[in-house]
Colleague: 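Below are the structure tokens for one structure; questions will follow.
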Amino acid sequence: MTMVAAALDGVALRAAITACGLPGAEPVADGPLDPGTWTAVMAATHEHRLHGLLAHAIAEGLLPVTPEQAAEAADRHRAALSSCVHLELMLQRAARALGRAGVDFRVLKGPAHAHLDYPDAAMRAFGDVDLLVRAGDYPAALEALQADGFTRTLPPVHPTFDREWTKGATMESEDGWELDVHRTLAAGRFGLTIDLDELLSTGQPFPVGDVELTALAPAARLVHACYHVTLGGNLRWVSYRDIAQLALDPSLDLTEPVDLARHWRGEAVLAAGLVRAWEALGLTLDHPLLEWARALRPPADQAAALATYRSDPSFRAQALTALSVLPSLRAKARYLGSLAFPSDEHLRARHRSRPRQVVAVISAELCRRWAR
Amino acid sequence: MKAHRVDRWPWRIGSGVLIAATGSGQVIEARQPAPVVWELLEAPIDVDELVSILAEVFDTPVPTVRADVMDFVDQLRAVGLVEVQP
């Protein structure tokens, strides 16, 4: 039996697994991986939600494996799918709670991609559920979910910030499954220029059991996936595959994502996401969207904001990029004020260790005194 | 007797296993041939026909398949995942 790490290092192997089965993608390896490489691959598979793609690569013969490796990959895949089923049970429950409250919403990311963008939902694992609600419905959505037993994991930064500008809130079911409720798709400048009313006026339906749900429309899913890999934290490589999966769908009208991103004043983000996905996955396939992305000379304000997201991924730095698109001095002052004076509850929850907690609350109190 | 699955809760088939949620909020796992049976139960199917197909596909004697399938269908019915009509 040949034990190879081929000529691929860990990152290249991860890319090959993430891209397996796509047009122009290379086989993952020409023989079973040596034990050390296999262990690293399994760790990356878990971290980047690649369980379904690894199982697919093995089933299609793109990655030869030993019987022990096959069994381990199958066990991990089954565990990931079990999590997906638990999460979709929670999604059904959240949908019913929001429906009773009259809150319209769209399902984002994992479950939507799994059911709509992959040939088999079992190829796309996910670890939480994300929903987008209208900004005006955001308080009612949180209230309805809390009444149904969900709890918010972190108090809001500030009531005003939470009501008007926040990206969203993370909630948790009683048994610990995570539900993110979004009122926009990104923190800071790029989240505030999205036409949310238009976004929520379209969609693509899909069922989970007997509950009919709605995802974003395909072009919006692609733009959002690019926003996620370019602007979001906690990047997982399966998101690169989401981008490729959507961009390579022959039914997609390729003008739509570009028009949508321009309308959101975020074409630089769409372009960056496409280029990052293609480069990360090592795709050599020519594609009109990629040609557009590589040729784009983004507007200066977008390029500057994007540079901030790249150089400083902290919440505060990203939030401050919004100042350039806030409509008035009064709005800017309120925005800055709500960031400068975070609520005590938020600070206590964020700074768990006692010394930091005391310092943080004291500094907030000092800020309040200075503000008088 | 005809049987069909109840698509009321989420489920997945992957790596040779059916994973399905039940009405009580539990999640069950069943190995082969459960995923194949589940696929065949998408629309109402006569249990004799189901047994015949499975016996052919898995190259197993009909009585053996019938006993296993009846047992599996009974288990799924008990948790609300299958409905059976006489």
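We name chains A, B, ... by the order of the sequence lines, and we start the count at 1 in each one.
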Colleague: Quick one: closest heavy-atom pair of B/Pro10 and A/Val208, and the distance?
Modeller: CB-CG1, 4.0 Å

Colleague: Shortest non-hydrogen contact from A/Val85 to B/Val27?
Modeller: CG1-CG2, 3.9 Å

Colleague: So between chain B and chain A, what donor-acceptor pairs come in under 3.5 Å?
Modeller:
unit_1: B/Asp7; atom_1: O; unit_2: A/Asp210; atom_2: N; d: 3.3
unit_1: B/Arg8; atom_1: O; unit_2: A/Gln92; atom_2: NE2; d: 3.0
unit_1: B/Arg8; atom_1: O; unit_2: A/Asp210; atom_2: N; d: 3.2
unit_1: B/Arg12; atom_1: NH1; unit_2: A/Glu88; atom_2: OE1; d: 3.0
unit_1: B/Arg12; atom_1: NH1; unit_2: A/Glu88; atom_2: OE2; d: 3.4
unit_1: B/Arg12; atom_1: NH2; unit_2: A/Glu88; atom_2: OE2; d: 2.8
unit_1: B/Ser15; atom_1: O; unit_2: A/Arg78; atom_2: NH1; d: 3.1
unit_1: B/Ser15; atom_1: OG; unit_2: A/His77; atom_2: ND1; d: 2.7

Colleague: Against chain B, label A/Ala114 side chain, backbone, both or neither, depending on which of its atoms sit under 4.5 Å from a heavy atom there.
Modeller: side chain

